[in-house]
Amino acid sequence: MNPVLKETAIITFWTFWWSVIIGAGGALALKWPLTATYLMSVLTIGPSLAILRGRNREKDPLDVGERAGVELLSLVILIGIGWAGGQYLGK
């Protein structure tokens, strides 16, 4: 598998699930708005995960530009999911 696609899938997968957990937990426990909490989680967890995965430059299969592209693509996917969820869930 292409390393860029692999990293995009990994970052998107983990960021999505952690953002859903935080968004749903905040909505249920603290009555926070679901969509806003999800999107804020995406915008903080995604870049943090990309930085953590790319911190060892000797072992990282991607160069800095590819790593930035992976994170941008992941953010676009996750923000699209959040927008669609907000439209269809109405929260």
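Transitive grouping of hydrophobic side chains (ILVMFWY, heavy atoms separated by less than 4.5 Å) brings Phe16 and Leu73 into a common cluster. The hydrophobic cluster containing Trp17 also contains Leu39, counting ILVMFWY residues as joined when their side-chain heavy atoms lie under 4.5 angstrom apart, directly or transitively. A continuous path of ILVMFWY side-chain contacts below 4.5 Å connects Phe13 to Val20, so both sit in one hydrophobic cluster. Under the 4.5 Å side-chain heavy-atom criterion for ILVMFWY residues, a single connected hydrophobic cluster contains both Leu49 and Ile79. Residues Trp14 and Leu62 share a hydrophobic cluster, clusters being chains of Ile/Leu/Val/Met/Phe/Trp/Tyr side chains in contact below 4.5 Å.
Among all heavy-atom pairs drawn from Ser41 and Ile22, the shortest one is OG-CG2, 3.2 Å. Smallest separation of non-hydrogen atoms from Lys31 and Leu28: NZ-O, 4.0 Å.
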For residues 2-12, which side-chain N or O atoms pair as donor and acceptor with protein atoms under 3.5 Å away, sequence neighbours left out?
| from | atom 1 | to | atom 2 | distance (Å) |
| --- | --- | --- | --- | --- |
| Asn2 | OD1 | Val4 | N | 3.1 |
| Glu7 | OE1 | Arg53 | NE | 2.9 |
| Glu7 | OE1 | Arg53 | NH2 | 3.4 |
| Glu7 | OE1 | Arg67 | NH1 | 3.0 |
| Glu7 | OE2 | Arg53 | NH2 | 2.8 |
| Thr8 | OG1 | Val4 | O | 2.8 |
| Thr12 | OG1 | Thr8 | O | 2.7 |
| Thr12 | OG1 | Ser74 | OG | 3.1 |

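A distance of 9.0 Å separates CD1 in Ile21 from CD1 in Ile45, rounded to the nearest 0.5 Å.
Remark: side-chain polar atoms of Glu71 are not paired, donor with acceptor, to backbone N or O of Ala68 under 3.5 angstrom.
Here the side chains of Leu78 and Tyr38 are in contact, with some heavy-atom distance below 4.5 Å.
Leu75 pairs with exactly one of Val42, Thr15, Val70 by the side-chain contact (heavy atoms from CB on, under 4.5 Å) rule, that one being Val42.
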